[in-house]
Amino acid sequence: MGIGAAIARALAGRGFRCVLLARRREPLEALAAELGGEAEVCDVADREAVDATAVRVAERHPAIHVLVLNAGMPGGGGFLDLAAERIEQVTAVNYLGSVWALRAFLPLLERGAPSDVVTIASIAGTTVPMTTGPYAASKHAQLAFSRSVAGELGPRGIRIHAVNPGPVPTDAFPQTRTLANPVTRHAVVSPERVARAVLRAIDHDRREIFVPWPLRAAAALQGLAPGTMSRLAARLRVSRREERGNE
Ligand SMILES: NC(=O)c1ccc[n+]([C@@H]2O[C@H](COP(=O)([O-])OP(=O)(O)OC[C@H]3O[C@@H](n4cnc5c(N)ncnc54)[C@H](OP(=O)(O)O)[C@@H]3O)[C@@H](O)[C@H]2O)c1
């Protein structure tokens, strides 16, 4: 669905045979049929299921050339809002899902080298979020993982890239508030634009791409003035709470 479907269409348009992974069989098989690709039902948070999927894929494709780590879910609130189970789930899917998938598909990527791994992280992986702490923490971890393995896997012929989208209206992330705000709505991009960034990352060996690119400034500010960004985020969070209280 969403960004992952747009990336699959873009890669299929380039002639790749795509093997699609997700939990829901019906939409997965429909997209695979549209693209002339293959569907593998798999929960990326389940390490054994990911390992078994990689074994099945390897029987049909001993080598792969691109792995896209896109599966993800929203947190749906801040630390105080979320049940412990939800925090575990967000971490298991958004962060560990990437780790288990890269680990399981590594032998196939090595056989396909030179090969590429593209992580769909987020601007929330680089900045202090206003209301979505556990989600942002999972995205910080996912992005740090991508950055850290680049040096380890480069000598094996595997190039590592991350794409950090801003708000993208999709089923799980409708971005209603962002779209309603006359300032923030300018940062909204389509899934197809994120997909084009994935192709750019692969074509030009870009280590990290922000979509839209001005969001890079927010990440830079976070690095330069983390205290100020944290205070700003806290203030915005309070004013949002007050706004909600007045609604
Ligand atoms: N939309 C945004 O504003 C935005 C911004 C920055 C980053 N991102 C990131 O972009 C990625 C895609 O999000 P999206 O907006 O395209 O959301 P989406 O439309 O809800 O799509 C998420 C996809 O991930 C799959 N998925 C979710 N949990 C999974 C699991 N445990 N195992 C396997 N597949 C799973 C879903 O399929 P099933 O439900 O069938 O499993 C679905 O195909 C996420 O990593 C998200 O964090 C999104």
Side-chain angles (χ1 to χ4, degrees), residues 1-10 18-32 34-35 37 39-54 67-76 85-86 88-102 104-105 117-127 129-132 134-143 145-146 162-179 184-185 187-195 197-198 208-212 215-216 218-219:
M1 307 294 282
I3 295 171
I7 296 170
R9 287 194 177 98
C18 297
V19 182
L20 313 175
L21 274 69
R23 294 163 306 174
R24 284 168 294 166
R25 181 178 294 281
E26 229 175 85
L28 197 63
E29 288 185 340
L31 184 61
E34 176 196 321
L35 303 180
E40 283 287 344
V41 173
C42 175
D43 180 346
V44 298
D46 179 343
R47 181 163 51 82
E48 286 176 9
V50 178
D51 287 345
T53 302
L67 175 67
V68 180
L69 302 168
N70 166 78
M73 60 180 289
E85 292 74 18
R86 178 76 177 194
E88 278 175 347
Q89 199 189 3
V90 165
T91 309
V93 175
N94 295 358
Y95 167 47
L96 287 175
S98 288
V99 179
W100 302 149
L102 180 53
F105 285 96
V117 177
V118 188
T119 295
I120 309 303
S122 173
I123 182 66
T126 67
T127 57
M130 279 182 266
T131 50
T132 57
Y135 172 76
S138 73
K139 287 288 164 179
H140 272 70
Q142 186 194 28
L143 184 57
F145 174 65
S146 167
V163 172
N164 296 323
V168 185
T170 58
D171 280 357
F173 301 81
Q175 306 295 352
T176 321
R177 219 169 240 280
T178 310
L179 281 164
T184 56
R185 73 163 185 238
V188 171
V189 295
S190 65
E192 289 71 27
R193 195 156 154 199
V194 179
V198 169
E208 221 167 292
I209 297 182
F210 288 79
V211 194
L215 285 183
R216 171 183 286 269

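Indexing begins at 1, ligand by ligand and atom by atom, following the structure's order. Each residue takes its place number in the sequence, starting with 1.
The atoms of ligand 1 that sit less than 4.0 Å from any heavy atom of C42 are 32 (N), 33 (C). Of all the atoms in ligand 1, the ones that sit under 4.0 Å from a non-hydrogen atom of A121 are 6 (C), 7 (C), 8 (N), 9 (C). Proximity to K139 (heavy-atom distance under 4.0 Å) selects the following atoms of ligand 1: 9 (C), 44 (C), 45 (O), 46 (C), 47 (O). Distances below 4.0 Å separate heavy atoms of A22 from the following atoms of ligand 1: 33 (C), 34 (N), 37 (O), 38 (P), 40 (O), 41 (O). Interface of G2 with ligand 1, defined as ligand atoms under 4.0 Å from a residue heavy atom, comprises 16 (O), 19 (O). Atom numbering of ligand 1 starts at 1 in the shown order; those under 4.0 Å from a heavy atom of S122 are 6 (C), 7 (C). In the vicinity of F173, heavy-atom distances shorter than 4.0 Å reach the ligand 1 atoms 1 (N), 2 (C), 3 (O), 13 (O), 15 (O), 17 (O), 46 (C), 47 (O). Close approach of ligand 1 to I120 (heavy-atom distance below 4.0 Å) involves ligand atoms 10 (O), 45 (O).
The shortest N or O to N or O distance between V168 and ligand 1 is below 3.5 Å. Taking any N or O of I3, backbone or side chain, at least one lies under 3.5 Å from an N or O belonging to ligand 1. Residue V44 has at least one N or O atom closer than 3.5 Å to an N or O atom of ligand 1. Where the criterion is an N or O separation shorter than 3.5 Å, residue side chain and backbone included, T170 meets it with respect to ligand 1. Polar contact with ligand 1: absent for N94 (N/O pair, distance under 3.5 Å). Between I123 and ligand 1, no pair of N/O atoms sits closer than 3.5 Å.
Remark: the backbone N or O of T126 is not paired with any side-chain donor or acceptor of K139 at under 3.5 angstrom.
The protein non-hydrogen atom at the shortest distance from atom 35 (C) of ligand 1 is A71 CB, 3.6 Å. Scanning all protein heavy atoms for the shortest distance to atom 22 (C) of ligand 1 gives G72 O, 3.8 Å. Nearest protein neighbour of atom 20 (O) of ligand 1, counting heavy atoms only, is A172 CB, 3.0 Å. For atom 43 (O) of ligand 1, the nearest non-hydrogen atom of the protein is M1 N, 3.0 Å. Looking at atom 39 (O) of ligand 1, its nearest protein heavy atom turns out to be R23 NH2, 2.8 Å. For atom 8 (N) of ligand 1, the closest non-hydrogen atom on the protein side is Y135 OH, 3.8 Å. At the top of the distance list for atom 36 (C) of ligand 1, counting protein heavy atoms only, stands R24 NH2, 4.2 Å. For atom 31 (N) of ligand 1, the closest non-hydrogen atom on the protein side is D43 OD1, 2.8 Å.
With a 4.5 Å cut-off on side-chain heavy atoms, L21 and V50 do not count as touching. Here the side chains of P165 and R193 are not in contact, with every heavy-atom distance at 4.5 Å or above. Using a 4.5 Å heavy-atom cutoff, the side chains of R86 and P74 are in contact. At a threshold of 4.5 Å between non-hydrogen side-chain atoms, the residues I120 and I7 count as touching. At a threshold of 4.5 Å between non-hydrogen side-chain atoms, the residues V188 and P169 count as touching. With contacts defined as side-chain heavy-atom distances shorter than 4.5 Å, the pair L143/T119 does not qualify.
Under the 3.5 Å distance criterion, with hydrogens and angles disregarded, no donor-acceptor pair is assigned to the side chains of E40 and T53.
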Problem set entry | R9/L31 under side chain to side chain contact (heavy atoms under 4.5 Å, CB included): CA gap, chis, key distance, verdict | CA-CA 9 Å; R9 287 194 177 98; L31 184 61; 3.6 Å; yes
Exercise. What do the steps show when you test L215 against N164 for side chain to side chain contact (heavy atoms under 4.5 Å, CB included), and what is the final call?
Worked result: CA-CA 9 Å; L215 285 183; N164 296 323; over 6 Å; no
Problem set entry | Verdict with supporting geometry, F210 and I123, side chain to side chain contact (heavy atoms under 4.5 Å, CB included) | CA-CA 7 Å; F210 288 79; I123 182 66; 4.0 Å; yes
Exercise. Taking it one step at a time, do Q175 and V168 satisfy side chain to side chain contact (heavy atoms under 4.5 Å, CB included)?
Worked result: CA-CA 7 Å; Q175 306 295 352; V168 185; 5.6 Å; no
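Nearest heavy atoms, A54 versus A104: CB-O, 3.5 Å. Between D171 and M1, the shortest heavy-atom distance links the atoms OD2-CE, 3.4 Å.
For R216 and E208, the salt-bridge test fails: no basic side-chain N is under 4.0 Å from an acidic carboxylate O.
For atom 4 (C) of ligand 1, the nearest non-hydrogen atom from the set P167, S98, P169, G166 comes from G166.
Looking at N70 against ligand 1, both its backbone and its side chain come within 4.0 Å, counting heavy atoms. By the criterion of a heavy-atom distance under 4.0 Å, the side chain of Q175, and not its backbone, is placed next to ligand 1.
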